[in-house]
Peer 1: 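Pasting a structure below so you can have a look.
We count ligands from 1, going down the list as the structure has it; atoms in each ligand are counted the same way.
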Amino acid sequence: MERYRVDLRSDTVSRPSASMRAAMAAAEVGDDWFGDDPTVNRLQERAAEVTGKEAALYVPTGTMANQISLRLHVTGAGHLVAATDGAHVASTEMTTSAVLSGIAYKTGDPGPRGWMTAELARSLVEDEDPYDVEAIDLLAVENTMGHAGGTVMPVEELRAIRKIADEAGLPIHLDGARIFNASVAAGVDVSEYAREVDTLMFCVSKGLGAPIGSLVCGTRAHIREARRLKILFGGAWRQAGIMAAAGLIALEDGPSRLHEDHERARRLAEGVVERLPGSIDPATVETNMVYVDTEAVGLPPIETIDRLGDLGVGATFVSGKVRMVTHVDVDDDGIALALDGWRSVAADVAKEM
Ligand SMILES: Cc1ncc(COP(=O)(O)O)c(C=O)c1O
């Protein structure tokens, strides 16, 4: 039996569609260690085309995609990557970066929308102290910014950051796990964002709906070295064409339906605030993430998540809030179910008052 009637814990929980499963069953495969899986190669070519980069590399996870990318740019143990507080690379992947590549982070708070600003980038990379021996090798940015609620960095900001990076002689890596959500919300092609960075990664396993996989995109030279690092990190996954077949469908069909996830997320937020005034401002929902501040209305978040879970609604705890994420397997009925759950939560609060 399914654990939840509607699973909003993440956009990673979606199941492959019937057409994905059919393509996976029929996929032509080879051995990806040798670089001769034709379906993987097709996905990589398509990813390079879509992002406008010279080449791309298919890897099992977003974490591996980021870690390979960081290692491409960071030249020595103890060197720093400049990022925002809460950036996935500098929080969830902080210890991974330290263990795999000796990377440490220099971070700062860019304000409530969470994404890197030109102002913060400048303050992080500017070397004001003549006795300072820190070595910053890379500026890392993230779009959408997960920890801040799936917020969208405007391409103009990235252009301004590019200028600062150029002045400082630094490359930029974009953690674009959800760059297609950003692109749809901003009405800006993914290649416009990609043009401003040296490398980017994106996940087909999140909003785009594939079961597994992420792509590192960059120059041919980057990707040649990235392939070596993928093998080094244990990511040479043999007949991966079975997965890449689903990734190709996700990349073709996924982006055109993301606006539906964004609309449903906004409706979910509007429904929640009707039931629990003061718990969220629906205007802050820019893509597919809804962060409810239950503490602001006197509800402990973990207990709320447990209560929602008992009611068949999957949610998680992120940044001190109750997080829900819409995706391809959440339809209008799913949103109604979730709001029924929140109605019960709100009724419990009313009873206790
Ligand atoms: C912004 C961001 N980057 C990277 C990752 C890592 O992806 P994965 O879970 O596939 O390793 C995530 C995962 O949720 C993410 O949200």
Peer 1: Looking only at distances, please establish whether an N/O atom of ligand 1 is found under 3.5 Å from an N/O atom of Asp175.
Peer 2: yes
Peer 1: Taking only heavy atoms of Thr63, which atoms of ligand 1 are found under 4.0 Å from at least one of them?
Peer 2: 6 (C), 7 (O), 8 (P), 11 (O)
Peer 1: Excluding sequence neighbours, so at least two apart, what forms ring-ring contact (aromatic ring centres under 6.0 Å, His included) with His222?
Peer 2: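 Partners of His222 under the ring-ring contact (aromatic ring centres under 6.0 Å, His included) test: His73.
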Peer 1: Taking the side chain as C-beta and beyond, is there a heavy-atom pair between Phe180 and Leu251 under 4.5 Å?
Peer 2: yes
Peer 1: What atoms in ligand 1 come closer than 4.0 Å to a heavy atom of Met201?
Peer 2: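 Listed by number with element: 3 (N), 4 (C).
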Peer 1: Would you name the heavy atoms of Arg46 and Glu252 that are closest together and state the gap between them?
Peer 2: NE-OE2, 2.7 Å
Peer 1: Out of curiosity, is Met64 lining ligand 1, as in a heavy atom under 4.0 Å away?
Peer 2: no
Peer 1: Side chain, backbone, both or neither: which part of Thr92 has a heavy atom under 4.0 Å from ligand 1?
Peer 2: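 The answer is neither; Thr92 stays 4.0 Å or more away.
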Peer 1: Taking only heavy atoms of Asn66, which atoms of ligand 1 are found under 4.0 Å from at least one of them?
Peer 2: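 Listed by number with element, the hits are 3 (N), 4 (C).
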Peer 1: Please list, in number order, the atoms of ligand 1 under 4.0 Å from a heavy atom of Thr61.
Peer 2: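 Within the 4.0 Å cut-off of Thr61, ligand 1 contributes 10 (O), 11 (O).
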Peer 1: Should Lys206 and Ser10 be marked as a side-chain contact (heavy atoms from CB on, under 4.5 Å) after you check the CA-CA gap, both sets of side-chain angles, and the distance that decides it?
Peer 2: CA-CA 8 Å; Lys206 299 197 165 68; Ser10 175; 5.8 Å; no
Peer 1: Please list the nearest protein heavy atom to atom 12 (C) of ligand 1 with its residue and the distance rounded to 0.1 Å.
Peer 2: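 Ranked first by proximity to atom 12 (C) of ligand 1 is His88 NE2, 3.3 Å.
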Peer 1: Give a yes or no on this: more than 12 heavy atoms of other residues, nucleotides or ligands lie within 6.0 Å of atom CZ of Arg5.
Peer 2: no
Peer 1: Should one rank Glu142, Glu93, Arg178, Met145 by closest heavy-atom distance to atom 16 (O) of ligand 1, which comes out on top?
Peer 2: Arg178
Peer 1: Would Gly62 count as being in polar contact with ligand 1, using the rule that some N or O on each side must be under 3.5 angstrom apart?
Peer 2: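 Yes, there is a polar N/O contact under 3.5 Å.
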Peer 1: For Arg15, does the CZ atom have more than 12 heavy-atom neighbours from other residues, nucleotides or ligands under 6.0 Å away?
Peer 2: no
Peer 1: Give me the residue, atom name and distance of the protein heavy atom closest to atom 7 (O) of ligand 1.
Peer 2: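 Heavy-atom neighbour on the protein nearest atom 7 (O) of ligand 1: Lys206 NZ, 2.9 Å.
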Peer 1: Check whether any side-chain heavy atom of Glu263 sits under 4.5 Å from a side-chain heavy atom of Arg266, and report yes or no.
Peer 2: no
Peer 1: Between Arg42 and Glu45, does any NZ, NE, NH1 or NH2 come within less than 4.0 Å of an OD or OE carboxylate oxygen?
Peer 2: no
